[in-house]
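Predicted, not measured: the structure shown is a model, and the values here were computed from it. By convention in this document, chain letters (A, B, ...) are assigned in the order of the sequence lines, proteins followed by strands, and residues within each chain are numbered from 1.
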Amino acid sequence: MLRPEVLARAGLVLQYVVSKEVGWLRPAGCSVAEDGFKCDFISLSGRWPEEGLIRDAEKMVLDIEGSSQVSIEYVGEVSDDLIRLLGRRAAYSVNGVNAFLEFEVRPASSSVKAILVRNISAHNPTPGVSLVRLIGVAFDDLDEYREWVKYYEEAARRDHRVLGQKLELFGFYDEAGPGLVIYHPKGQVVREELIRLVREINSRLGYSEVYTPHVYKSVLWRISGHYHLYRDKMVLAEVDGEEYGVKPMNCPGHILIFKSRTRSYRDLPIRLAELGTVYRWEKRGELYGLLRVRGFTQDDGHVFAREDQVKEEVESIMREVFNLLALFGIARDNTKIYLSTRPERYIGSEDAWDKATNSLKQALDELGIPYEVREGEGAFYGPKVDVHFRDSLGRWWQCSTIQVDFALPERFNLEYIDSDGSKKRPVMIHRAILGSIERFMAILIEELEGKLPTWLSPIQVAVIPITRDVASYAEDVAKLLRDAGVRVVEDLSDETLEKRIKVAYEQAIPYLIIVGRREALQKTIAVRGRGNLQANNVRIDAFLRGLTEEIRSRALRQEALLSFL
RNA sequence: GCCGCCGUAGCUCAGCCUGGUGGAGCGCUGCCCUGGUAAGGCAGAGGUCCCGGGUUCAAUUCCCGGCGGCGGCUCCA
């Protein structure tokens, strides 16, 4: 929908008009992403522009573009150090004024017909340098512009923060603290269903679930290295003269379990899993709804393995990740897979790194999974494979992760006895399939627009009697479903039928059972699903059979209803 | 943490610029309506205008600080 060349042209013209209008803003370049342009300026006065500049700039861009008074000429690659800091930049002359652009994009020759500057913010490419950044979108076609506006409005409606409140799933409260989610009853149902799913996956993969404390003595965090590398994100407290740290990760507890006895090569791989709630004191500005919180629950797991077992482990984990995508119907377009390799600073031998990296590669290749390699982006302790999902606004979030780790086995001096009786060091694999319950739930809500599949829905069926005299029949129907384990509510309120249907729809309840005199007499029900699909004269036991199967199989579609249509 | 914007009823927001203690819609409560498929009618309750300080005869309104939210950086599950 957004075209890079058009964004690039808009960025150049914007640099021109802004520097003309505000003398102390000097163009510093524009980069183009899939969600818009980011246009930077150096403030020569040290001041910040007024909010009104946005509207003025938009108007000026359109004026000048409309009167076809723009001449854009390519000058060459930029040598200015500050501007190069933003990435490789090309210099252009816009009506004689210098403006800069991301090197890889070329500006469009067609003029900009619509431009929307969405925000003025700061960009800090490096500590101490603060640039004025205008972000926005631009189009050379008004229909495309209108289409984008519509898409954007829709995206706002899918926002998990909005839906989370509307559907009464969870909340954040000033008194509780930022980044600390409070799940309401309905959100807790979703959470528990996801956890149940995780437990099934884990047991399929051969993990044993464990449970470890939320705080440990700092001594343990010193051994693990977190005390030095991660302390600024940890919650520490001194009690009885001893310092304790709330866990930001679950690994140390699992390692203690591994170390609790001598392990044989025959015992490996040892797979431990935990729905581990961790706390990471992320900086305030980094928090974002459920997607970035301070306290969250990982579907964590650690494998203690021989090097030759890594590939197989990775393969089986990736397979489950893909099952997950299918289960929720998450489009491949909305996922990205990265393989991150050895960074400049690393621990462990080159040989071990190569072996582990190759194991990851082979596993991905054998599964035929397309992925991007990010050279040098691995953790200092090992290479990793990450799966990222896209949210409603097009931003990417890391969820599933598989990390090979040479560091912790060394720090904790882990070993097993090999077949020849010698002591060997196992490798550790850290992995999470959902990533965290919180982030995954947010992605799901946005991907599904709040319309969770029946098995995940806090309320699965609402029974609505048309008149009061069939209320008891409605209650009978509800009881029947409830006894079968279905989450059901009866709406016996005095509202009109239309109103009660609307309310149920707004709560995203997948099934409405509507009963009147006719149904009560015939002992049937009318079943209404999403998208105004309805089946009449349905036998209760037939529907219940379909419904329980739909829930059991975690169907994405409303199978129980579709079979009656 | 940095830059900008914002904080008014349970929710979404108007009022603030130009100081004289506040409104709407939804929701909630009550009454009427007993409805055949996406908002029936009437009435009522509900506010420390985020917190603290300053200016002023007087602050929801102006100024400063804090806390919280949003967008963008940086960072991450």
Side-chain angles (χ1 to χ4, degrees), chain A residues 33 35-36 38 40 43 47-51 53-54 86 118-136 159 161-162 165-166 168 171-179 230 232-233 248-250 276 278 280-300 379 386-389 393 395-401 403 430-443 464-471 493-506 512 514-519 526-528 532 534 536:
Chain A
D35 60 348
K38 296 167 182 180
D40 295 318
S43 172
R47 287 193 292 143
W48 281 83
E50 305 278 325
E51 195 80 355
L53 177 67
I54 290 181
L86 302 165
R118 290 163 57 200
N119 210 340
I120 301 183
S121 69
H123 175 53
N124 312 298
T126 186
V129 178
S130 192
L131 299 173
V132 176
R133 169 167 280 189
L134 299 185
I135 65 156
D159 189 320
R161 296 167 301 181
V162 176
Q165 179 176 288
K166 202 175 116 194
E168 301 177 277
F172 293 91
Y173 303 91
D174 291 3
E175 306 89 319
Y230 215 79
D232 56 328
K233 285 193 179 181
M249 295 185 192
N250 300 300
V278 295
R280 298 179 187 176
W281 233 243
E282 308 290 358
K283 294 173 194 161
R284 268 285 315 282
E286 291 169 347
L287 302 174
Y288 180 79
L290 272 190
L291 283 165
R292 194 76 186 276
V293 291
R294 281 184 172 162
F296 57 99
T297 302
Q298 296 178 297
D299 62 321
D300 210 352
D386 295 322
V387 183
H388 296 234
F389 296 113
L393 286 174
R395 289 175 295 204
W396 293 92
W397 300 88
Q398 182 187 321
C399 288
S400 322
T401 183
Q403 310 179 355
H430 307 249
R431 50 108 271 191
I433 291 177
L434 303 190
S436 77
I437 304 288
E438 285 70 18
R439 184 172 284 183
F440 194 80
M441 196 189 288
I443 292 286
I464 301 178
I466 291 165
T467 52
R468 191 175 287 165
D469 56 319
V470 291
S493 66
D494 282 338
E495 299 295 344
T496 57
L497 178 62
E498 288 90 337
K499 179 67 171 285
R500 285 176 289 158
I501 288 172
K502 181 176 159 58
V503 167
Y505 257 93
E506 281 177 346
L512 312 187
I514 298 166
V515 294
R517 297 200 179 100
R518 211 156 54 221
E519 285 79 8
V527 181
R528 186 167 162 165
N532 286 337
Q534 177 160 333
N536 294 315

Which listed nucleotide ([options]) is nearest to the side chain of [X]?
X	options	result
A:Arg292	B:U37, B:C76, B:A39	B:C76
A:Glu519	B:A77, B:G36, B:A38	B:G36
A:Ile514	B:G36, B:U37, B:G71	B:U37
A:Ile135	B:G69, B:G71, B:A38	B:G71
A:Glu282	B:G40, B:U37, B:A77	B:A77
A:Glu286	B:C76, B:U37, B:C73	B:C73
A:Arg439	B:G72, B:A77, B:G36	B:A77

In whole angstrom, give me the gap between the [atom1] atoms of [N] and [M].
N	M	atom1	value
B:C67	B:G52	P	15 Å
B:A24	B:A45	P	12 Å
B:C13	B:U8	P	9 Å
B:G72	B:G30	P	44 Å
B:G54	B:A59	P	11 Å
B:C57	B:A14	C1'	29 Å
B:C6	B:U61	P	14 Å

NA contact type, [X], heavy-atom cut-off 4.0 Å: base, sugar-phosphate, or nothing?
X	answer
A:Arg133	sugar-phosphate
A:Glu168	nothing
A:Val132	nothing
A:Asp494	base
A:Lys166	nothing
A:Glu506	nothing
A:Lys499	sugar-phosphate
A:Asp299	nothing
A:Arg161	sugar-phosphate
A:Arg518	base

For the pair made of [atom1] in [X] and [atom2] in [N], what is the distance, rounded to whole Å?
X	N	atom1	atom2	answer
A:Glu495	B:U29	CD	C1'	12 Å
A:Arg294	B:A77	CZ	C1'	16 Å
A:Leu131	B:G4	CG	C1'	14 Å
A:Glu175	B:C50	CD	C1'	10 Å
A:Asp174	B:G68	CG	P	8 Å
A:Lys502	B:G40	NZ	P	9 Å
A:Tyr288	B:G71	OH	P	5 Å
A:Asp40	B:U74	CG	P	10 Å

Mind checking who [N] pairs with, Watson-Crick or G-U wobble, both distances under 3.5 Å?
N	answer
B:U55	none
B:C42	B:G30
B:G22	none
B:U61	none
B:C2	B:G72

Looking only at heavy atoms, which two atoms of [X] and [Y] are closest? And how far apart?
X	Y	answer
A:Arg280	A:Tyr230	CD-OH, 3.2 Å
A:Arg133	A:Asp40	NE-OD1, 2.8 Å
A:Gln398	A:Asp386	NE2-OD1, 3.2 Å

Do the side-chain N and O atoms of A:Gln403 and A:Thr401 include a donor-acceptor pair separated by under 3.5 angstrom?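 Result is yes, a qualifying pair exists.
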
Check whether the side chains of A:Gln534 and A:Asn532 place a donor and an acceptor atom closer than 3.5 Å, and report yes or no.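 Their side chains do not contain a donor-acceptor pair, so the 3.5 Å distance test is not met.
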
Does a side-chain N or O from [X] land closer than 4.0 Å to OP1 or OP2 of [N], or not?
X	N	value
A:Arg118	B:G72	no
A:Arg395	B:G72	yes
A:Ser436	B:A77	no
A:Arg284	B:C67	no
A:Gln398	B:A77	yes

Could you check whether the side chain of [X] and the base of [N] have a donor-acceptor pair of N or O atoms closer than 3.5 Å, going by distance alone?
X	N	value
A:Gln165	B:G10	no
A:Arg500	B:A38	no
A:Arg280	B:C76	no

Looking at B:A77 and A:Phe296: do their rings stack (centroid distance under 5.5 Å, interplanar angle under 30°)?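 Yes; centroid distance and tilt both under limits.
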
For A:Glu498 and A:Lys502, run salt bridge (charged side-chain N to carboxylate O under 4.0 Å, His left out): C-alpha distance rounded to whole Å, both residues' side-chain angles, the deciding distance at 0.1 Å, then the answer. CA-CA 6 Å; A:Glu498 288 90 337; A:Lys502 181 176 159 58; over 6 Å; no

At what distance, to the nearest 0.5 angstrom, does CG of A:Leu290 lie from CZ of A:Arg439?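 A:Leu290 CG to A:Arg439 CZ: 10.5 Å, rounded to 0.5 Å.
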
Taking atom SG of A:Cys399 and atom CD1 of A:Ile433, what is their separation to the nearest 0.5 Å?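 Here the rounded value is 12.5 Å.
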
More 5' along RNA chain B: A:Gln403 or A:Gly289, using each one's nearest nucleotide?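 It is A:Gly289, whose closest nucleotide lies nearer the 5' terminus.
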
With nearest nucleotide decided by heavy atoms, which residue, A:Gln534 or A:Lys283, maps closer to the 5′ end of RNA chain B?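 Looking at the nearest nucleotide for each, A:Lys283 comes out on the 5' side.
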
Centres of the A:Phe440 and A:Trp397 rings: under 6.0 Å?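 Ring centres of A:Trp397 and A:Phe440 not closer than 6.0 Å.
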
Run the numbers on A:Val293 and A:Tyr288 for side-chain contact (heavy atoms from CB on, under 4.5 Å), then give the verdict. CA-CA 7 Å; A:Val293 291; A:Tyr288 180 79; over 6 Å; no

